[in-house]
Amino acid sequence: MTSIRLHNTKTRKKELFVPLDPKNVRMYVCGPTVYDRAHIGNARPVIVFDVLYRLLREVYGPDHVTYVRNFTDVDDRINETAQNRKAAGAPGTLEQLIRERSDETIRWYHEDMDALGALRPNHEPRATDYIPQMVAMIEGLIATGHAYAKDGHVLFRVRSYKDYGKLSGRSVDDMIAGARVEVAPFKEDPMDFVLWKPSTDDLPGWDSPWGRGRPGWHIECSAMADELLMKGLPETQKSFDIHAGGIDLQFPHHENEIAQSCCAHPHGEFARVWMHNEMLQVEGKKMSKSLGNFFTVRDLLDGNWSGGWNVPGEVIRFVYLSTHYSKPMDWTDEKARQARERLIEWSHLSVDVTEGAVSEDVLFELQQDLNTSEALTEMGKIADAGDIPTLLATARLLGFDLQKVAKEDWANPYVYEMPDGTVRREGIDYQPTVGVIGWGPFPENLASAAMEVVRRWLELRRDKDYTSADQLKRNAEALGLSLRAYRTPSGLNGGQGHLSGRPNYEDLERLLG
RNA sequence: GGCGGGUUGGCGGAGAGGUUACGCAGCGGAUUGCAAAUCCGUGAAGAUCGGUUCGAUUCCGAUACCCGCCUCCA
């Protein structure tokens, strides 16, 4: 019998996971505010909870899991971009420009997260499509005394919910003592937070009983979870299984969601299990634009980061899974390189192998609060044992398609020469790789000249003309191109050139005579 | 100031109250025209102080340092 254990932030314990309804396991993850490209921190919950989603599908069946992840498309930064575009003469109304900005950001998000191997959730609601549900929920909260309207604002009466602060382990009084809460004339209590606020004419707004305005951030998630995960259930069953997100959302966002939803449905408990992933750092430091270590997922994919090389989505995913989600994770060049090597190795093993069954050992590790790090270690043992059918199936469970990786250019940077001298082509471009040290762009003609040198050298070696081969190697190295050959377990010969300097390509061509 | 997380061998990174983590790097050996790769083997740890225990890196407490949240940033 499979049993999943998950760390529940609400109880601060690792608990046996028992779904409310095994035929419909329901999870909600707080999604992005779609104002710009997702940065690499945004990708962590996506990957972590994608693994959870895959695990739940494996255990309960793919048709028995409902995964909701929202898009927050009510945001000042979206408005700002739209306003700037309008000012710059873009056609269309402000509302259209806002919608366009959200649309394009959502498209990017999908592109980037797809590249990371994340499955699309069953529902990806946009906040602006659920305004009536938010309004209805707010009206209900006012009717039961948990919220009040003042000057076009509606505020949640925090003191009316006795368990407020339970999730994050704070007391309301302590928070007031911390004194960093916003005091406003329309608030009864400094802790009260906004459910609805008025909109000015130049900002998007919706009609409501309190005038034209827009929803507060927290009510969005409550209303969408309500609609997509608990609709139609009797009041006594207004709960779902798992709610997840970054640890930075624990307070106030998740605390406020609980307050709203539990006051709207006093007999339910909203989410039973709360899961939070820890934050991501880059090279040991907090990611920030001023430190120059702020990268989007797209930056990594395209090579626009301090490492300077194109990091495949699978490699990014591997790096993320190598650290447990509950611990801070550091993105480093070194880790990414190791992950790449490992994936290349496994992918080469998987060529022409028929997929088997998922490893029980790996499944077990995932069931221990998503121990992805240990799962990858187990995968290594499976690979060492030569059980490739299992490796293939297990990698797929974790979101890696090894056979697809095996066909990627980045996994096949070498030229292979068969013992009979014929050339085996792998990947699209089947030239020897040039450039390792000081990765970065170099002129096309230099690359092709260097590759030709490697090719010539391999030919000389094949013909056992070691005198000429060594001569060529010495000359090439003098110019900054070092040559290496290797033999694979399957008996193939290959060669590789490493550019350690920036030789003139004409000098290299001269070597070829 | 309040709340929470972290600190493991050169680097990354897990589990378990007593038994080898694992990967990379290193070292030794085999092998390959040299070298690389590969294969085999191997040394190396648990921030500091104190407590519980027959025994703790693993449990408890304190200290130091790092990080996050308390400001609609995952």
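Quick caveat, the model's predicted, so the values are computed rather than measured. Each chain gets a letter, A, B and so on, in the order its sequence line appears, and its residues count up from 1. Side chains included, hydrogens not; waters and symmetry mates left out as well; all remaining heavy atoms used.
- Pairing of B:A36, defined by two Watson-Crick or G-U wobble distances under 3.5 Å, is not identified with any nucleotide.
- Ranking B:C73, B:A21, B:A14 by closeness to the A:Arg77 side chain, first place goes to B:C73.
- Rounded to the nearest Å, the gap between the C1' atom of B:G46 and that of B:U57 is 4 Å.
- The base-pairing partner of B:G26, taking Watson-Crick or G-U wobble contacts with both distances under 3.5 Å, is B:U42.
- Using bins of under 30°, 30° to 60° and over 60° for the plane-to-plane angle, the ring pair A:Trp274/A:His276 lands in the parallel bin.
- Spacing between B:U38 and B:U32 at atom C1', rounded to whole Å, works out to 9 Å.
- Candidate nucleotides B:C70, B:C34, B:A74 were compared by shortest atom distance to the side chain of A:Phe251, and B:C70 ranks first.
- Listed nucleotides B:A21, B:G6, B:G5 differ in distance to A:Lys327; the shortest reach to its side chain belongs to B:G6.
- Of the listed nucleotides (B:G13, B:C69, B:G33), B:C69 has the atom at the smallest distance from the side chain of A:Asp248.
- Of all nucleotides listed (B:C70, B:G12, B:C73), B:C73 comes nearest to the side chain of A:Asn42.
- Here the side chain of A:Met279 is nearest to one of B:C73, B:A14, B:G68, namely B:G68.
- If you check B:A74, B:A14, B:G68 against the side chain of A:Asn371, the one that comes closest is B:A14.
- Closest approach to the A:His39 side chain among B:G5, B:A74, B:C67 is made by B:A74 (side chain taken as heavy atoms from C-beta onward).
- Judged purely by distance below 3.5 Å, without hydrogens or angles, the side chains of A:Glu220 and A:Thr72 pair a donor atom with an acceptor atom.
- Residue A:Gln338 has its side chain nearest to B:C24 when only B:G4, B:C24, B:A21 are considered.
- A ring-centre distance under 6.0 Å is not found for A:Phe156 and A:Tyr161.
- Listed nucleotides: B:C24, B:G13, B:A21. Nearest to the side chain of A:Glu334: B:C24.
- Checked against A:Arg214 for a salt bridge (Lys or Arg N to Asp or Glu O under 4.0 Å), the options A:Asp75, A:Asp76, A:Asp73 give a single hit: A:Asp76.
- As the counterpart of B:U53, no nucleotide is assigned, since no Watson-Crick or G-U wobble pattern has both distances under 3.5 Å.
- For A:Phe270 and A:His254, the ring centers sit 6.0 Å or farther from each other.
- Pair assignment for B:C65: B:G6, on the basis of Watson-Crick or G-U wobble contacts that are both within less than 3.5 Å.
- With a 3.5 Å ceiling on both atom-pair distances, B:U19 lacks any Watson-Crick or G-U wobble partner.
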